[in-house]
Every structure is written in C-alpha cells, then in structure tokens.
Asker: 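Take a look at the following structure, please.
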Amino acid sequence: MVDLKYIEKNFEEAASKLAKKGVDKHLLEELKELFAQKKEAQRAFEAKRAEQKALSKEFGIYKAQGKDINELKEKLDNLKKEIATLEEDAKVIEAKLYEKALLIPNFPDDIVPEGKDENDNVEIKRVLEPRAFDFEPKEHWELAQMNNWIDFERGVKLAKSRFALLNPPAAKLERALINFFLDFNEKNGFEQMWVPVLNNSKMLLGTGQLPKFQDDLFKVEGEDLYLIPTAEVALTNIYNDEILEKEKLPLLLTAYTPCFRKEAGSAGRDTRGIMRQHQFDKVEMVAITTPEQSDEVFEKMVENASNILSALGLPHRLVELCGGDLGFSAARTIDLEVWLPGQKRYREISSVSNTRDFQARRAKIRYKDGKKNRFVHTLNGSALAVGRTLIAIMENYQNKDGSITIPEVLKPYLQNRL
RNA sequence: GGACAGGUGGGUGAGUGGCUGAAACCACACCCCUGCUAAGGGUGCGUGUCCGAAAGGGCACCGAGGGUUCGAAUCCCUCCCUGUCCGCCA
C-alpha cells in the first residue's frame, strides 16, 4: 500500500510519480481528503471515548461508596449514544479510505522511464548472440507436435483451453529444469522452500493481487482460498504480520510451484502452444531486505536469472520496464526476454521486481531497527519460468529434421538420457 | 466429518465485570555486584494509531466479528484456529 502520510505531506511529488503509472491525480486528491477526514473522525471519537472511560471509572467508585449514580448514569447514557455515532462514522470513513488506498499502485522509482506500454520499455543489454540457422526455424508448438512432446488436445480434454499435458520426454525435461533452477539458485544463496499453492485472501492482499485483480485468480469454491498465480505470494507472505530481526536480513528464498492464472483479458493472445497457460511451472526468487539492501539484492537477482539463461546457452536481453508497463506492486522491474528463433523475437521469461515497502505495508512485514520497527523491502523474480524455458530450448536447440538437442548442463538432471 | 478441551504479550502462564495493556517466571538488552564454570541484584522489554520538536499523553488491540453493560481479556452469540480421541486418507 502507498504511504498515506507521504501523500499527505508531498502531494505534488506523489502525484507526479504516480502519473508515470497513469494514475489520475483526482484519485490521489480524493485519497488525501479521505485521510484527513479519517484522522478528524478518529480524533473526535477518541476524545469522547476518553471522557466516557473517565466517567465510567467514577461510576464504579460512586457505586462502591453508595453514592447516587442516577445523574452520572444519565450523562453516560447520552455519551454512549453520541460515541456510537462517532465510532460508526470513523469506521465508515476508514473503510472507504482503505478500500481506495488498496487500489493505488506503487510509486515507480525515479529511474523508471516514462512510457505507456511495452513499446516504451528500454533495452539495457543483450547477452549471447542468437544462433544462425541454415534452415527456417520452427515455432515451438510445431516442434512439440513433431516430437510428440506436448499433447494439447488431451490437455483441453482434461481441463479446458490453455491447459496442456507433457509427454514423457518433455515431462522429464520440465522436471530437470525445475531441479536445475533450484540448484542454481541455492548455489547463489537462495534458500530452497516448499510452500502451499493455495493461499488465503489476506496473503493475496498482502502481495497486491487482491482486491484489484480478483478476476485473474482461480478461487476455491466455498473457501477463502486461491490458487497462487506465483510463488511470490506464498514466499513473501511467509513473514506476513511479523517483525524480523535486522541481522537476519536479507532473506533470500526460492521455491518451485505450479502457478495458476485465469488470463482474463488476454483472449486471443498466444493461443498456440504453451506460451500462456492457465497452469504453468515456475521457480521463483523472493528477497526480504532492509531498504538499504534492496538495490544491491535487486541487481543480484537480475544477474542470477541472466546467468541461468547463459548457462543454458539461451540468448536473451534485459529490459527496463517503463512506467506504463510496470506491474501494480512494482517500483521497478527488469524483464529478461529470451530469444525465440521460431517467433523471431524476444519473449519474457523472467521478471525481477523491487516493490520497496509497498507489499511490506500491506502484509505488515517489518524489522527491528534499534528500537523502531520499519517496513522491509520485498523483491521477487522468476528464475525461471519453466514452460517458457522449455519453449526456448525447443526453438533454440532445434535441428533441421525437427529433433531437439538437449543442452549439456541439463544432462546430469536427466541421468544422461531422455 | 463427529465428540471433547482450549485459544492471553517472544515463550510458559495467572487473570470470571471496574484497582489489568494485563501478575509471575523464562528469554532478551543494559547496568551493578561478584569472581570463575552454582550465581546474585537493579532497570528496561508487545503492536498499531492520533496529538507533540521531544518528553510525554490519548485511543484501539488478550484468535476474528457481533452483542449485553455506565464499564468486558473476563458474560452471551457466530465464525476461525489449535490439541486429543474417533472416522477417513496420500
């Protein structure tokens, strides 16, 4: 959640920052006004409440002394009614305030370029030269069919569109990739976790998926449980409503989970193949840091994801997202896009974000800094999206006859055989 | 899923209507004493929010939400969770 006090004190600055993300200034004005109202209502209520408490105490003393309490009681009865109204008012305003505040996206960092969509993102650098083909490279869905790696029809039969199933060679490769990623992350300091893939609404609110993006989530009927769209939700919320010791930071975590997304609003996009599925595997990194540590950890996470791609021999580029393309919770994001020779373009395979204290405020994740409790910074990034890595391997390692060469680094994970 | 028992501060745990935001002990921090593997004493030590430069003060929070009452951690209702036993089961 955005810092309301910051908006109150630095309104113009806050407004110009959020303009980068396309947030209307009027929304902020409304918020500021509500915040002022909330404080006023709170003050009014608390003053009366203090009065009531004092008189009630007297009431007890009077009674003990056998004094007449009728007059006092009448006074308190009236106060009670007055307070009930004041309290109700304060509650209503507060609820309204938070309802609105929870819909305001995070402030982008100053470094974030202006822009309205992905076309305005800024390429930072390219890593590894795309391979030169002496034949026309095919797209992954074609290769998948030629090699019988992916069964799209039966995936749909089992569930619905945008579900697929992997046949023996691809299924093994999928798991090899998961293990390879987890090991790679672990070697670079990320603790390997295992988490529930169903999380409750409080957690989804903590990382920013709720309340605004409810339509993107699969919800369990009759339960306060959602299938997580990313392990970021579970990993970050491990520390929901906790106060951490400064010495324990930064916490670097990694986990593999399947991820579930409704992909509402992306009808017609990437309908062929497994680029955009309702269920996909991903190995995620999450970091919990002090504000001072978060920039350095951010770089480390980007580097780690990039190094994995390099280890797999996959050409890729780093892209700094512009304000308009930045996610709701992110202050800054660098996407890693892998080269897909079949599609002849770079496609997102990892996204590393620093949310600064935005999620920490929502999820109430703090750390002790001396006597004070401060909000941590939370960061997340894929390392990597597994299904998309499978695509990248298929397209980059394809041979003229449609067969696919397995990258050397994965062979140990396949017991040297498919 | 059924039955019973519970949910209090970092932990253990007291507290059945006002003197309790909460005893005591442990843990932790600092100080004093002592002097070596027996320790003792003192002080501090929840979270959030509002006012304040600060000191300090107000309000809220004893699983969550309602209710009764002048007044609730304490009484009532609903829900959630935990434990134990039974059932079921990877």
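In what follows, chains carry the letters A, B, and so on, assigned in the order in which the sequence lines appear, proteins first and then strands, with residues in each chain numbered from 1.
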Asker: Atom CE of A/Met1 to atom C1' of B/G48: distance rounded to whole Å?
Answerer: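 My rounded result for the distance is 12 Å.
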
Asker: With rounding to the closest Å, how many angstrom separate the C1' atoms on B/G67 and B/G11?
Answerer: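 After rounding to an integer number of Å, I get 34 Å for this pair.
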
Asker: May I have the distance from A/Lys53 (atom NZ) to B/G57 (atom C1'), rounded to whole angstrom?
Answerer: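 Distance, rounded to whole Å: 13 Å.
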
Asker: Checking base pairs now: Watson-Crick or wobble, both atom distances under 3.5 Å. What partners B/U34?
Answerer: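 Its partner is none (no Watson-Crick or G-U wobble pair with both distances under 3.5 Å).
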
Asker: Between P on B/A72 and CD on A/Gln52, what's the gap in Å once rounded to a whole number?
Answerer: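 Spelled out: CD on A/Gln52 to P on B/A72 is 8 Å.
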
Asker: Taking the minimum atom-to-atom distance to the side chain of A/Glu46, which one of B/G71, B/C59, B/C51 wins?
Answerer: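 Given the options B/G71, B/C59, B/C51, the side chain of A/Glu46 is closest to B/C59.
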
Asker: Across all strands shown, which nucleotide pairs with B/G1 by Watson-Crick or G-U wobble geometry, both distances under 3.5 Å?
Answerer: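 Across all strands, the one nucleotide that pairs with B/G1 is B/C86.
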
Asker: Sort out the partner of B/A14 for me: Watson-Crick or G-U wobble, both distances under 3.5 Å, none otherwise.
Answerer: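 In the structure as shown, B/A14 has no Watson-Crick or wobble partner.
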
Asker: On a whole-Å scale, what distance lies between the P atoms belonging to B/U74 and B/U69?
Answerer: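 These two P atoms come out 16 Å apart once rounded.
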
Asker: Using the closest heavy atom to pick a nucleotide of RNA chain B for each, name whichever of A/Arg49 or A/Lys91 lands nearer the 5' end.
Answerer: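 So the residue in question is A/Arg49.
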
Asker: Does B/C62 pair with anything, Watson-Crick or G-U wobble, both distances under 3.5 Å, and if so, with which nucleotide?
Answerer: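 For B/C62, the partner nucleotide comes out as none, under the 3.5 Å rule.
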
Asker: A/Asp77 has a side chain; which of B/C70, B/U47, B/C59 sits nearest to it?
Answerer: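 Side chain of A/Asp77 sits closest to B/C70.
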
